[in-house]
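Quick note: residue numbers are just sequence positions, from 1.
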Amino acid sequence: MKATILNIGDELLIGQVVNTNAARMSQMLIAAGIDVCGTYVIGDNAPDIRHYLQHCIDRSQVVLITGGLGPTKDDITKKTLCEFFGSEFYENPEALANVKRIFESRGYELTPINRQQSWVPRCCTMINNVLGTAPCMWFEHQGRVIVSLPGVPFEMVNLMETEIIPRLRNHFRTDHIINKNILVQGIG
């Protein structure tokens, strides 16, 4: 099985944020027996997201996307995915309960724009992000699995470890792989 990683965010392209997600995701996928055939970093641009998403779908069975799921105007990944898959948004009750829980625990008022974090495309399986307000979205399309994860590294790692890798193993019935690194030193 092959996977492609698509990291989205203008902050990654301009060097404002170092893209640690690609390296960490690759390590986790390889350890799970999933071959990584490419990684791409693109900006918050709908035509680019559509283009690279289709390119990734064409070359691998799994496409993992990070970024662009927040409540700000430049976070367009979720909207672009909804359009790409010809779906519509709905307010997911489980995602809304999670957003409310996080806002209450931090003593913040839930604003309408933050409530939109619980909107997901009808065609996806929503996976709750217990560490943040942006839910993870699992799509199945043309025999492929496309997963959209939050770009916040600790949220992404938690979702990969607890939800995505186990689901991918189950979906594709992969075997466990044991990796060992052996360091040798010669005297010359």
Side-chain angles (χ1 to χ4, degrees), residues 1-9 19-41 49 52-53 55-70 75 77-78 80-82 84-85 87 89-102 105 117-181:
M1 172 186 9
K2 293 186 181 209
T4 308
I5 298 168
L6 181 58
N7 302 120
I8 300 171
N19 183 15
T20 59
N21 283 349
R24 187 68 181 112
M25 293 170 84
S26 292
Q27 292 165 349
M28 296 171 85
L29 290 166
I30 295 297
I34 302 168
D35 183 32
V36 178
C37 65
T39 62
Y40 300 92
V41 178
I49 293 170
Y52 280 92
L53 177 56
H55 174 72
C56 294
I57 288 170
D58 291 343
R59 72 181 297 210
S60 59
Q61 292 82 23
V62 177
V63 179
L64 297 175
I65 304 166
T66 63
L69 303 182
D75 290 318
T77 301
K78 186 165 50 171
T80 305
L81 289 171
C82 195
F84 183 89
F85 293 114
S87 191
F89 283 119
Y90 80 105
E91 186 174 81
N92 182 286
E94 188 180 349
L96 179 59
N98 187 60
V99 172
K100 286 180 176 178
R101 177 188 60 82
I102 289 172
S105 72
Q117 290 287 90
S118 65
W119 294 6
V120 296
R122 284 201 185 278
C123 66
C124 80
T125 300
M126 189 282 300
I127 301 170
N128 236 344
N129 173 11
V130 297
L131 300 180
T133 58
C136 179
M137 296 170 290
W138 175 288
F139 300 87
E140 294 184 23
H141 177 74
Q142 299 175 346
R144 309 292 199 250
V145 171
I146 299 94
V147 182
S148 181
L149 298 126
V152 179
F154 77 91
E155 293 178 25
M156 178 278 298
V157 167
N158 182 64
L159 281 161
M160 287 287 290
E161 287 175 345
T162 63
E163 296 286 346
I164 304 310
I165 296 292
R167 287 175 189 242
L168 288 173
R169 279 188 173 140
N170 186 52
H171 184 83
F172 291 103
R173 305 278 192 252
T174 64
D175 293 325
H176 290 271
I177 303 294
I178 298 172
N179 290 318
K180 290 185 179 184
N181 292 326

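- In this structure a side-chain-to-backbone donor-acceptor pair under 3.5 Å is present from Lys78 to Trp119.
- Going from atom SG of Cys124 over to atom CZ of Phe89 covers 9.0 Å, rounded to the nearest 0.5 Å.
- Listed here is the closest heavy atom pair of Ile5 and Ser26: CD1-OG, 3.5 Å.
- Remark: Asn19 CG to Thr39 OG1 distance equals 7.5 Å, nearest 0.5 Å.
- Side-chain contact between Val36 and Met25: absent, with no pair of heavy atoms (C-beta onward) separated by less than 4.5 Å.
- In terms of the side chain to side chain donor-acceptor pair (under 3.5 Å) criterion, residue partners of Thr66 (sequence neighbours excluded) are, by chain and number, Asn7.
- Contact between Ala3 and Leu29 at its shortest, heavy atoms only, is CB-CD1, 4.1 Å.
- By the 4.5 Å heavy-atom criterion applied to side chains, Leu149 and Ile164 are counted as neighbours.
- Under the 3.5 Å distance criterion, the side-chain polar atoms of Gln61 are left unmatched by any main-chain donor or acceptor of Arg144.
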Full working for side-chain contact (heavy atoms from CB on, under 4.5 Å) between Ile65 and Ile8: CA-CA 7 Å; Ile65 304 166; Ile8 300 171; 3.6 Å; yes

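- Between the side chain of Asn129 and the backbone N or O of Leu131, at least one donor-acceptor pair lies under 3.5 Å.
- In this model, a donor atom of one side chain and an acceptor atom of the other lie less than 3.5 Å apart for Asn98 and Arg101.
- Between the side chain of Arg122 and the backbone N or O of Ser87, no donor-acceptor pair lies under 3.5 Å.
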For residues 132-143, which side-chain N or O atoms pair as donor and acceptor with protein atoms under 3.5 Å away, sequence neighbours left out?
{"residue": "Thr133", "atom": "OG1", "partner": "Gln117", "partner atom": "NE2", "Å": "3.0"}
{"residue": "Trp138", "atom": "NE1", "partner": "Glu140", "partner atom": "OE2", "Å": "3.0"}

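- Across all non-hydrogen atoms, the minimal contact from Ile57 to Val63 is N-CG2, 3.8 Å.
- To the nearest 0.5 Å, the span separating CG on Asn21 from CD on Glu155 amounts to 10.5 Å.
- You'll find the side chain of Phe85 stays beyond 4.5 Å of the side chain of Pro121, heavy atoms only.
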Could you walk me through whether Leu6 and Leu64 pass side-chain contact (heavy atoms from CB on, under 4.5 Å), step by step? CA-CA 6 Å; Leu6 181 58; Leu64 297 175; over 6 Å; no

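- When atom types are taken as modelled, the side chain of Arg59 and the backbone of Cys37 share a donor-acceptor pair closer than 3.5 angstrom.
- Considering only residues two or more places apart in sequence or on other chains, Glu94 meets the salt bridge (Lys or Arg N to Asp or Glu O under 4.0 Å) condition with none of them.
- With Thr77 contributing its side chain and Gly67 its backbone, the two residues share a donor-acceptor pair below 3.5 Å.
- Residues Val62 and Met1 meet the side-chain proximity criterion, which asks for heavy atoms closer than 4.5 Å.
- Contacts of Glu163 classified as side-chain contact (heavy atoms from CB on, under 4.5 Å), with partners at least two apart in sequence or in another chain: Ile127, Leu159, Arg167.
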Just do the side-chain contact (heavy atoms from CB on, under 4.5 Å) check on Arg24 and Thr20 with the steps written out, would you? CA-CA 6 Å; Arg24 187 68 181 112; Thr20 59; 5.8 Å; no

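- For Asp35, there are no side chain to side chain donor-acceptor pair (under 3.5 Å) partners two or more places apart in sequence or in a different chain.
- Partners of Tyr40 by ring pair (Phe, Tyr, Trp, His ring centres under 6.0 Å), not counting sequence neighbours, listed by chain and number: Tyr52, His55.
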Checking Asn128 against Met126 for the side-chain contact (heavy atoms from CB on, under 4.5 Å) test, could you report, in this order, the C-alpha distance in whole Å, the side-chain angles of both residues, the deciding distance, and whether it holds? CA-CA 6 Å; Asn128 236 344; Met126 189 282 300; 4.0 Å; yes

